[in-house]
Amino acid sequence: MKGKTSFPPQEGAAPPSRCPDNSAFKQQRLPAWKPQLTIASVLSSFFLIGAFCLTVGVCLVLSANSVREIQIDYSDKCSDCSKLRENSSNWNKECHCSVNFTLKEDILGDVFMYYGLQNFYQNHRRYVISRSDAQLLGRNVNIQRSYCAPFSTYRNGTPMAPCGAIANSMFNDTIDLFYNRNSSVIRVPLLKTGNSWWTDKNVKFRNPESYNLSSAFAGTARPPYWQKPVYLLDEDDERNNGYVNDDFIIWMRVSAFATFRNLYRRVRRIQQFAEGLPAGNYTFQISYNFPVTRFKGRKHVILSTVVWSGGSNPFLGIAYLVSGTAAILTEEASAIQDSNR
């Protein structure tokens, strides 16, 4: 049999060396720069960092304060509908209410409509994981093995689409905006698509493949708290149905805090609303479906503009101001201590 012939090591031969090669990289002889820190360089660095943070913080705070925003709480103004919705047997009864308000000045530019919830905790661990990402990608999966329970299947075994507590508790109030001008009522045109992230719409959420949506969701049923199946969420736009519905996608992005707002609509800038919302009297027409009384919650409608730094949230600007102030105070304290030596 042919093969390699091994010879025993000769007596007195040196064992193979395990030392690294004699190279600049392996022997750590590469050129390096080691800064020589002095009091002057350290203090100047703290001063420059503090000045930079203070400048950015002031710009961010001024930008956030320039946002035009109006917030209306309609929890009490729709109290009759709220009492009706607290009784689960009235789930199929419609209830509408209206809220009047006045804009004293024009809101120019792009105007966004948000719905806000207060005291609604989406950060509970079991609530956060109560979903099936594979199902939301349009895959045929066994949701009984997911974390959707108890909102996974009905007693007769019919699976829910979509499953989970997040989807089941989806905000489903319908809010329309009307402009009262010269004794005439004008419906403000609102855009319901284009409000979600591109990655959500094209990567994280997909509908099952079929020749139509109703057949794609055949054999499934809507969640218990929903009034219509997932393939009929938007009866005006077939492309905004199923798992790729913008309202559904935005709701599935849970909030870390108990008080939050989600983007609901954008004002379409056409005709008399081409420059934004003109000053005058307005009315919110609300189809009340989402009860909040049992968990002592509140509901709001927010009309807001945006600036280059985002919405009317001054947190980032305040954080920069605090960091800059801390850096300046540290520099001053260090300078005083050095002068006393």
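Counting begins at 1 with the first residue of the sequence.
Here disulfide (SG to SG under 2.5 Å) pairs that include residues 291-341, with residues two or more places apart or in two chains, number zero. Pairs of residues two or more places apart, or lying in two chains, that qualify as salt bridge (charged side-chain N to carboxylate O under 4.0 Å, His left out) and include a residue from residues 166-177 are Asp173-Lys299, Asp176-Arg187. For residues 139-162, there are no salt bridge (charged side-chain N to carboxylate O under 4.0 Å, His left out) pairs, not counting sequence neighbours. Evaluation of the ring-ring contact (aromatic ring centres under 6.0 Å, His included) test over residues 154-183, restricted to residues two or more places apart or in two chains, returns Tyr115-Phe171, Phe171-Phe290, Tyr179-Phe273, Tyr179-Tyr282. Sorted by first then second residue, the disulfide (SG to SG under 2.5 Å) pairs that include residues 100-172, not counting sequence neighbours, are Cys148-Cys163. Pairs engaging residues 186-225 under the disulfide (SG to SG under 2.5 Å) rule: none recorded [sequence neighbours left out].
Taking a 4.5 Å side-chain heavy-atom cut-off between Ile, Leu, Val, Met, Phe, Trp and Tyr, the cluster of Tyr121 contains only that residue. Residues near Phe257 contribute nothing to a hydrophobic cluster around it, because no ILVMFWY side-chain heavy atom sits closer than 4.5 Å to its side chain. If you chain together ILVMFWY residues whose side-chain heavy atoms come under 4.5 Å of each other, Ile143 ends up grouped with Val141.
Note on Leu277: it does not cluster hydrophobically with Leu263, by side-chain heavy-atom contacts below 4.5 Å among ILVMFWY residues. The same ILVMFWY cluster, assembled from side-chain heavy atoms under 4.5 Å apart, contains both Phe295 and Phe260.
In this structure the side chain of Asn140 never reaches within 4.5 angstrom of the side chain of Pro208, judged on heavy atoms. Two residues are said to be in side-chain contact when any heavy atoms from C-beta on lie closer than 4.5 Å; Ile250 and Met170 fail this criterion. Between Glu69 and Ile302, some side-chain heavy-atom pair lies under the 4.5 Å cut-off. Between Arg68 and Glu105, some side-chain heavy-atom pair lies under the 4.5 Å cut-off.
Contact detail for Leu232 and Asn241: the closest heavy-atom pair is C-OD1, 3.4 Å. When every heavy atom of Leu136 is checked against every heavy atom of Arg131, the shortest pair comes out as CD1-NH2, 3.6 Å. What you find for Thr305 and Leu108 is that their closest heavy atoms are CG2-O, 3.8 Å.
Of the possible polar contacts, none joining the Asn207 side chain to the Tyr231 backbone as a donor-acceptor pair under 3.5 Å is found.
Residues that satisfy the side-chain contact (heavy atoms from CB on, under 4.5 Å) test with Ser210, not counting sequence neighbours, are Ser215, Ala216. Among residues two or more places apart in sequence or in another chain, the side-chain contact (heavy atoms from CB on, under 4.5 Å) test is passed with Gln144 by Asn142, Thr153. Partners of Leu329 by side-chain contact (heavy atoms from CB on, under 4.5 Å), not counting sequence neighbours, listed by chain and number: Thr325.
Salt bridge Asp110/Arg269: present, at least one basic N to carboxylate O contact under 4.0 Å. The pair Arg239-Asp234 fails the salt-bridge criterion, with no side-chain N (NZ, NE, NH1 or NH2) lying under 4.0 Å from an Asp/Glu carboxylate O.
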- Query: Is there a disulfide bond (SG atoms under 2.5 Å apart) between Cys81 and Cys95 once you walk through the steps?
  - Reply: CA-CA 6 Å; Cys81 291; Cys95 189; 1.9 Å; yes

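Between Phe284 and Phe101, the ring planes lie parallel to each other; the angle is under 30°, not in the 30° to 60° tilted range.
Around atom CD of Gln272, more than 12 heavy atoms belonging to other residues, nucleotides or ligands sit under 6.0 Å away. Enclosure of atom OH in Tyr114 by more than 12 non-hydrogen atoms of other residues, nucleotides or ligands within 6.0 angstrom is indicated. Under a cut-off of 6.0 angstrom, the local environment of NZ in Lys93 is sparse, with at most 12 non-hydrogen atoms contributed by other residues, nucleotides or ligands. Around CZ of Arg266, the count of heavy atoms belonging to other residues, nucleotides or ligands within 6.0 Å exceeds 12.
Of the listed residues (Leu190, Asn195, Val267, Val188), just one forms a side-chain contact (heavy atoms from CB on, under 4.5 Å) with Met113, and that residue is Leu190. Considering Phe205, Trp251, Phe217 in turn, Phe217 is the only one that fulfils the ring pair (Phe, Tyr, Trp, His ring centres under 6.0 Å) rule with Tyr243.
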